[in-house]
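The structure displayed is predicted, hence computed values, not measured ones. Within every chain, numbering begins at 1; the chains are lettered A, B, ... in the order of the sequence lines, protein sequences first and strands thereafter.
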Amino acid sequence: MVCWKHIACISICGLFLAAGLYGFLVEPYAITIRHVSVEDPTLRRVLGGYRLVHLSDLHISRIGMRERRALRMIEKLQPDIILLTGDYVSWHGDYTPAFDFLSRLKATIGIWAVMGDYDYSATRKSCLFCHEQGSAAPSTRHGVRFLKNHAERVSLPGGELWIAGIDGELGTGSSPENVQLLTEHSGTLLLSHEPLVFEAVDDNSSVLILAGDTHGGQIPLPQWAWKKLGYRQHKYMRGLYCKARKKMYVTTGIGTSTLPVRFLRPPEIVVFHFV
Amino acid sequence: MKVRALYIAVCLYALTCACGSAPDAPPLCFDFESDADLDRLRWHCKTMYTRSREHATQGLFSLKIDFYPSEYPRFEPLFDEQDWSKYKKLCFDVYNPQNSVVTLTLRIDDDITRPDFYDCYIEQVRLQPGHTSVVVELKNFIGCKTKRHLRRNAICKVLLFMSHPRQQYTFFLDHFYLA
């Protein structure tokens with residue numbers, strides 16, 4: 001006689017086991033390329049025909065399978081501009097693999113970045129993103145330009161592009177006055193590790209904010225479950241947010257933190273299309 | 001037999017008390033003798049720290065600080081112990097190699113959530129060329145605008161900074177400690 005209770009129990013356990021194996025062994029390495037269309041006439045005019053790629057939250061502790069795969073995928077995309085929104089290292093981890101990863105990125109126009117809170121976990125090492133060791137000279141380890149609460153103008157045939165960056169060190173940079181200064185030009189691309197900067201930007205600013213930090217939650221859980229685990233649920237978890245003229249895309253990023261798990265929140269490389 | 005047991009017990013108790021009453025290490029103490037001290041500082045843009053054998057007043061090394069032209073280049077030590085109520089003074093030695101008087105600002109906060117400069121302790125530290133030993137009485141920690149006494153059991157931030165320097169300044173800092 002078949003015991004349906006046993007079969008149901010074994011099936012449920014099997015499902016949980018399969019989900020666990022998938023979450024730990026498969027999805028964290030299954031990097032996807034997400035194409036995002038953004039309606040913005042200024043950016044369409046300036047960036048039409050260029051390929052803009054957004055990466056975030058790499059949390060690199062070594063150049064492993066995921067990092068090699070990401071580098072191959074980025075190389076195939078042949079980006080003109082790469083924008084990075086922080087958290088390149090693991091908490092208090094070794095910074096060398098992250099510098100190695102950054103040095104392998106190539107883009108025809110340039111690579112700009114901001115730092116995240118993890119990048120400041122070892123405050124002394126954080127200087128090496130921008131400087132040579134023991135010197136104030138600029139870093140020669142990689143070709144990434146780090147923006148620390150300032151903006152850079154890029155002259156392109158279609159017009160001027162402004163790329164601004166809010167620094168990810170806690171308590172710096174995201175004051176309303178500073179954000180307003182950084183977003184005064186129409187069609188600015190504003191890099192910020194923390195998505196909450198969306199609320200500091202004026203609704204009528206024609207700005208596209210690129211952010212990360214959340215990892216999309218890594219696994220989909222209801223708000224009460226996040227609270228039970230001692231985490232806050234992010235207001236802007238993932239995807240495109242629009243309010244009046246300002247827009248923000250929050251990427252799920254590439255790496256993981258706390259637990260090396262992702263479930264229904266795959267790592268992503270974002271390619272923007274302006275229409 | 002009982003007397004001997006009592007004697008041993010008293011001796012053990014005295015030994016335990018002697019060990020237990022050993023003074024705790026001060027929460028904030030830098031002599032820059034070890035490279036690890038550099039990891040106990042917050043590194044900011046436009047400020048360069050280097051351990052130096054010049055102008056040391058405690059041990060063999062001092063901290064050479066270069067402030068580059070910027071808004072607020074600053075020295076910021078990191079510390080976990082926020083309760084300073086058992087200490088009376090904050091002391092440090094600075095060597096000013098410039099040929100003129102230079103003013104640094106010492107800022108101490110007991111509440112990181114309050115707006116900048118609203119309620120912190122501020123003191124101007126005038127440095128003549130050469131050595132200066134600075135002693136700050138903790139009982140004088142008074143908020144610069146509200147005139148309230150800072151909570152000495154909740155000190156969370158110490159900064160030594162310059163405001164908008166137009167040229168590079170160098171200092172040698174040593175023996176930074178609470179007494």
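The environment of NZ in B:Lys46 is sparse: at most 12 heavy-atom neighbours from other residues, nucleotides or ligands sit within 6.0 Å. Applying the 6.0 Å contact sphere to CD of B:Gln168 captures more than 12 heavy atoms from other residues, nucleotides or ligands.
Among residues two or more places apart in sequence or in another chain, the salt bridge (Lys or Arg N to Asp or Glu O under 4.0 Å) test is passed with A:Arg153 by A:Glu160. For the salt bridge (Lys or Arg N to Asp or Glu O under 4.0 Å) test, residues two or more places apart in sequence or in another chain that qualify with A:Lys247 are A:Asp40.
Neither the backbone nor the side chain of A:Lys125 comes within contact range of chain B; no heavy atoms are under 4.5 Å apart. Contact of B:Tyr49 with chain A is not made at all, since no heavy-atom distance falls under 4.5 Å.
Test B:Leu41, B:Asp39, B:Leu78, B:Leu38 against A:Thr123 for side chain to side chain contact (heavy atoms under 4.5 Å, CB included) and you get one pass: B:Leu78.
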